[in-house]
Structures are given as C-alpha cells and as structure tokens.
Amino acid sequence: TDTAGNPAFSQVAVEVDNVLAGTIGGRVDFGYPVVGSTVSAFEMGDGADGAVRGAVIGTALTDDFGLYQIENASFSGAIEVVATGGLFEDPSTGQVLSLRAGQELVTAIAGAALGQAMVANVNGFSTLAARRAEATQGESASFAAAVTFNSNLFASHLLRPGSLSLMASGSADLLVDTPAPSDAAALMALAHAGLSRIAAQTSIDVGGAVGQITPIDLLDVLSADLRD
C-alpha cells in the first residue's frame, strides 16, 4: 500500500490472442480462368429450410489467372465462396463469355479453422456440389456434413476409381499443358469442355447463335434441377 493506504499493486488477468488470421484462396475457372470476378466468402449456417448465408468474411477480385485471396480474421465453420461477374474463354468455342447478372460460381467449405490457409477453387462442378448440399442440408446432420457428402459424390463421378478434390483441383489448359489422362486437372478441363459443348449445341438446336446459351446458363438449369 501507499502512504494513503491504497493498494500499490493489482493483479490483472490478460488473455493474449496469438492466432494469426487465416486465408481463403484459390482459382475461379470454367475450363479457363474467370478474370475480373468478384469473389466473396460467406459464413454459413443451418436453417430450417436449408443452408443460410450469413455475414461476409471478405471480398477479393480475381486476377488475370483467375486467382483470388481473402483474409479470414476470426471465423471458424462452414463457408461458401461465391464468384460473380468476370470474363472467361469458352472451352469448346473459344468465345469470350461473361457471368451474367445474378449468376454465380460457388464452392462450399465444410469447416475452416482459425489461422488456416484454405485452398478453395471455384468451378462448375464445385458449384453443382454446393447447390446440392444447400438443397439436401435438411437430410444431413448439418450443412458441413452435406458439403462433405456432396463434394465426394461429384468428385467420384469425375474420377472412378480414385478420387480428386473439387476445391483443390483446377482445369488444365489442354492446348498448352500435357497432364496424364487421369490427372485431376485434365479431367476438370474435359468435364468443363463437355458442359461447354452441350451449351453450344443447345444454342444451335434452338435456332440461335453459338454463345446464346452459355455454359453458365446450363449450369443454372442443372442447379435448379438439383434443388427440385
């Protein structure tokens, strides 16, 4: 105590948070990089009628290679990464196409941990897996469980026997690269080219020009079918 009778020392509990910020990053592509796309990461929750998007964790813009990175300062749990806008080369026609207003490419992360550097590539097939996870969340223990199940489901159809990761795999440029036929990057490129070819042929079948129906339009139809 001091001369006035006041305590000279006081014990103070201090909690130090030394957890570094995590990151969410990867490549947005539909066979070729989606350039200039706005990418946002959302906290995801379980709702009575399906998965619910919560607060925005962060936003970034893809570069000329379709790459993005978002800082995740404090969230742990399920996340959706959503890409809107941007330009990409159509895999089967070579046309430069864009994501129209309201169109999204999505990938879902079952569980991000604090301080973790997450690789989360965004593509056509990660979008289909995420859409089915959203639609079937009520049949699973949680949205995270639905994400894990549906990611494995779609990945198994792309490579069987064997496995690949929709979030970790990006499409190879088969005009430049020479991956093995069973390589994940080759399979992703061919799978996107297949969707692209269906969209181009559908444009012709309805009497329009190639590119009238884009592969993203086709993806929207398939996503709606998964939700029905």
* To do: Indicate the atoms forming the closest heavy-atom contact of Leu218 with Ala199, along with that distance.
  => CD2-N, 4.1 Å
* Distance (rounded to the nearest 0.5 Å) between Ser156 OG and Asn152 CG -> 7.5 Å
* Same hydrophobic cluster for Val147 and Leu166, using side-chain heavy-atom links shorter than 4.5 Å among ILVMFWY? -> no
* **Test item: side-chain donor near acceptor, Thr38 and Thr84, under 3.5 Å** => no
* Are side-chain N/O atoms of Arg27 and Asn121 paired as donor and acceptor at under 3.5 Å? -> no
* Taking atom types as modelled and ignoring hydrogens, do the side chains of Asp90 and Thr93 form a donor-acceptor contact shorter than 3.5 angstrom? -> yes
* Approximate separation, where rounding is to 0.5 Å, of Arg131 CZ and Asp225 CG -> 14.0 Å
* Asked: Looking at OG of Ser37 and CG of Asp63, how far apart are the two atoms once the value is rounded to the nearest 0.5 Å?
  -> 11.5 Å
Name every donor-acceptor pair, under 3.5 Å, that has one atom in a side chain of residues 185-195 and the other anywhere in the protein, sequence neighbours excluded.
unit_1 : atom_1 : unit_2 : atom_2 : d
His192 : ND1    : Ser171 : OG     : 3.3
His192 : ND1    : Met188 : O      : 2.7
His192 : NE2    : Gly124 : N      : 2.9

* Asked: How long is the span from the CZ atom in Phe88 to the CZ atom in Phe30, to the nearest 0.5 Å?
  -> 6.0 Å
* Structure fact -> Paired with Val28, the side-chain contact (heavy atoms from CB on, under 4.5 Å) test is passed by just one of Thr107, Asn123, Val39, Leu99, namely Val39
* To do: Please assess Gln103 against Asp217 for the test side-chain hydrogen bond (donor to acceptor under 3.5 Å, both in side chains), listing each intermediate value before the final yes or no.
  => CA-CA 8 Å; Gln103 292 185 322; Asp217 296 333; 2.7 Å; yes
* Asked: Is it true that Arg53 and Glu104 make a salt bridge, defined as a side-chain N closer than 4.0 Å to a carboxylate O?
  -> yes
* Structure fact -> Scanning both residues in full, the closest heavy-atom pair of Leu61 with Gly36 reads CD1-O, 3.7 Å
For a quick test of your reading: what N or O donor-acceptor pairs under 3.5 Å do the side chains of residues 65-79 make, sequence neighbours left out?
unit_1 : atom_1 : unit_2 : atom_2 : d
Tyr68  : OH     : Ala120 : O      : 2.6
Asn72  : OD1    : Phe75  : N      : 3.1
Asn72  : ND2    : Phe75  : O      : 2.9

* Asked: So, Thr214 side chain and Ile216 main chain: donor-acceptor pair closer than 3.5 Å or not?
  -> yes
* Please report the shortest heavy-atom distance between Ala108 and Phe143, naming the atom on each side. => CB-CZ, 4.2 Å
* Could you give me the CA-CA distance, side-chain angles and deciding distance for Ile198 and Thr202, then say whether side chain to side chain contact (heavy atoms under 4.5 Å, CB included) is met? => CA-CA 6 Å; Ile198 293 170; Thr202 304; 4.0 Å; yes
* **Smallest separation among heavy atoms of Gly111 and Gln116, with atom names** => O-OE1, 4.1 Å
* To do: Decide whether Val122 and Met167 are clustered together by the hydrophobic rule: side chain heavy atoms of Ile, Leu, Val, Met, Phe, Trp, Tyr closer than 4.5 Å, transitively.
  => yes
